[in-house]
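Accompanying notes for the structure given below.
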Amino acid sequence: MAVTFDKIAYPEIEQGLLKIIDNEFKNVYISPTFKMMGNECIRIHLTTSTSETLATNFEIRMYDVLVRYYLMGNIEDERTNEAIKRNVDRLRKHLIDNQVSTTYNWAKLEIESIDYNVEDEENEETDNLNIVEFSVDIQHYNQF
């Protein structure tokens, strides 16, 4: 007998987040790996999920999502630095405005942290690549 299941991780978490962010920003994509799109882009990557409550007829599960904002430009230039901070604040506010979603069964979206000037293998070989990383938790409610 085939297992009946609900598709959640990709359509309701990653794609849901993409559709919400894509309403306000360009070059938003889902991927575990980095690819630069234009001079500014946002990458969404689901990293983990943890069950918070499991009952016979529902589950509440926490999904940890990495959202990275990328902008090409010299951070030492005041206008570039300001643009990064402005767009990060704009993205943060846009996510806060969409904390709950009946469309995607989100009970709560929280931004745990925002790390500026992230340096890792993505920007080792690319000059002037600025990365800001959002650690986002989405609490998802699924009724069986």
Side-chain angles (χ1 to χ4, degrees), residues 1-73 75 79-144:
M1 177 186 241
V3 175
T4 302
F5 66 99
D6 296 314
K7 297 176 185 175
I8 298 170
Y10 186 74
E12 294 191 1
I13 303 301
E14 287 183 321
Q15 275 191 325
L17 200 49
L18 179 132
K19 288 176 184 174
I20 286 170
I21 295 172
D22 198 43
N23 285 339
E24 254 331 283
F25 292 86
K26 313 182 286 188
N27 301 325
V28 182
Y29 65 96
I30 298 167
S31 178
T33 57
F34 167 70
K35 61 183 173 200
M36 193 65 197
M37 299 174 67
N39 69 341
E40 178 183 49
C41 60
I42 297 173
R43 177 170 67 98
I44 298 166
H45 174 55
L46 176 62
T47 57
T48 62
S49 74
T50 309
S51 182
E52 290 191 336
T53 305
L54 180 61
T56 57
N57 61 342
F58 74 93
E59 180 181 30
I60 298 174
R61 193 163 193 83
M62 187 65 74
Y63 290 85
D64 297 323
V65 184
L66 177 73
V67 176
R68 279 193 166 182
Y69 169 80
Y70 300 92
L71 180 72
M72 294 296 294
I75 191 77
R79 289 180 53 185
T80 300
N81 187 27
E82 179 188 4
I84 292 168
K85 305 307 189 301
R86 179 182 59 245
N87 288 333
V88 167
D89 288 343
R90 186 171 142 227
L91 177 56
R92 183 188 57 78
K93 177 65 166 104
H94 186 59
L95 292 172
I96 289 169
D97 288 346
N98 289 280
Q99 288 182 52
V100 177
S101 171
T102 55
T103 304
Y104 304 113
N105 298 315
W106 297 356
K108 176 175 59 175
L109 177 147
E110 290 182 352
I111 301 169
E112 288 296 314
S113 64
I114 300 173
D115 296 322
Y116 294 85
N117 305 319
V118 173
E119 293 193 20
D120 60 14
E121 63 278 353
E122 291 179 359
N123 59 353
E124 280 180 349
E125 297 180 19
T126 307
D127 290 335
N128 295 322
L129 177 61
N130 301 284
I131 305 172
V132 179
E133 183 174 283
F134 289 71
S135 178
V136 177
D137 291 336
I138 297 175
Q139 187 181 56
H140 183 274
Y141 177 82
N142 187 42
Q143 188 166 355
F144 306 132

Self-check item: Tyr104 vs Ile138 side-chain heavy atoms within contact, under 4.5 Å
Solution: no

Quiz prompt | Lys/Arg N to Asp/Glu carboxylate O, Asp97 vs Lys93, below 4.0 Å | solution = yes

Practice problem: Begin with the C-alpha distance, continue with both residues' side-chain angles, and end with the deciding distance and a verdict on side chain to side chain contact (heavy atoms under 4.5 Å, CB included) for Leu129 and Met36. | Solution: CA-CA 9 Å; Leu129 177 61; Met36 193 65 197; 3.9 Å; yes

Practice problem: Enter the distance from Ile13:CD1 to Leu46:CG here, rounded to the nearest 0.5 Å. | Solution: 7.5 Å

Exercise. Apply side-chain hydrogen bond (donor to acceptor under 3.5 Å, both in side chains) to the pair Asn81 and Lys85, showing each step before the final yes or no.
Key: CA-CA 6 Å; Asn81 187 27; Lys85 305 307 189 301; 2.3 Å; yes

Quiz item: Among Lys7, Glu14, Glu12, which residue meets the side-chain contact (heavy atoms from CB on, under 4.5 Å) test with Tyr10?
Solution: Glu14

Exercise. Locate the shortest heavy-atom distance separating Asn27 from Met37; write the atom from each residue and the value.
Key: ND2-O, 3.3 Å

Quiz prompt | Heavy-atom pair with the smallest gap, counting every atom of Phe58 and Phe144 | solution = N-CD1, 3.3 Å

Quiz item: How far does OH of Tyr69 sit from CD1 of Ile42, to the nearest 0.5 angstrom?
Solution: 7.0 Å

Self-check item: Glu119, CD atom: more than 12 neighbouring heavy atoms under 6.0 Å
Solution: no

Quiz item: Can you check side chain to side chain contact (heavy atoms under 4.5 Å, CB included) on Leu109 and Asn98, steps first, answer last?
Solution: CA-CA 8 Å; Leu109 177 147; Asn98 289 280; 6.0 Å; no

Quiz item: side-chain contact (heavy atoms from CB on, under 4.5 Å) with Phe134: which of Leu66, Ile114, Ile44, Asp115?
Solution: Ile114

Quiz item: When you measure from the side chain of Asn142 to the backbone N and O of Glu59, does any donor-acceptor pair fall under 3.5 Å?
Solution: no

Quiz item: Taking Arg43 for the side chain and Ser31 for the main chain, is one N or O donor matched with an acceptor at less than 3.5 Å?
Solution: yes

Quiz item: Between CG of Leu91 and CZ of Arg86, what distance do you get to the nearest 0.5 Å?
Solution: 13.5 Å

Quiz item: Trp106 versus Ile20: any side-chain heavy-atom pair under 4.5 Å?
Solution: yes

Quiz item: About how many Å separate OG1 of Thr80 and CE of Met72, when rounded to the nearest 0.5 Å?
Solution: 10.5 Å

Quiz prompt | Asn117 side, atom CG; Glu133 side, atom CD - distance, nearest 0.5 Å | solution = 12.0 Å

Quiz item: Among all residues two or more places apart in sequence or in another chain, which pass the side chain to side chain contact (heavy atoms under 4.5 Å, CB included) test with Lys108?
Solution: Glu110, Gln139

Practice problem: Give a yes or no answer on whether the side chain of Asp22 reaches the backbone of Leu18 with a donor-acceptor pair at less than 3.5 Å. | Solution: no

Quiz item: Taking atom types as modelled and ignoring hydrogens, do the side chains of Thr47 and Asp64 form a donor-acceptor contact shorter than 3.5 angstrom?
Solution: no

Quiz item: Going by the ring pair (Phe, Tyr, Trp, His ring centres under 6.0 Å) test, which pairs reach into residues 11-55, not counting sequence neighbours?
Solution: Phe34-Tyr70

Exercise. May I ask you to check whether over 12 heavy atoms, not counting those of Arg79, lie within 6.0 Å of atom CZ?
Key: no

Quiz prompt | From CZ (Arg61) to NE2 (His140), nearest 0.5 Å | solution = 10.5 Å

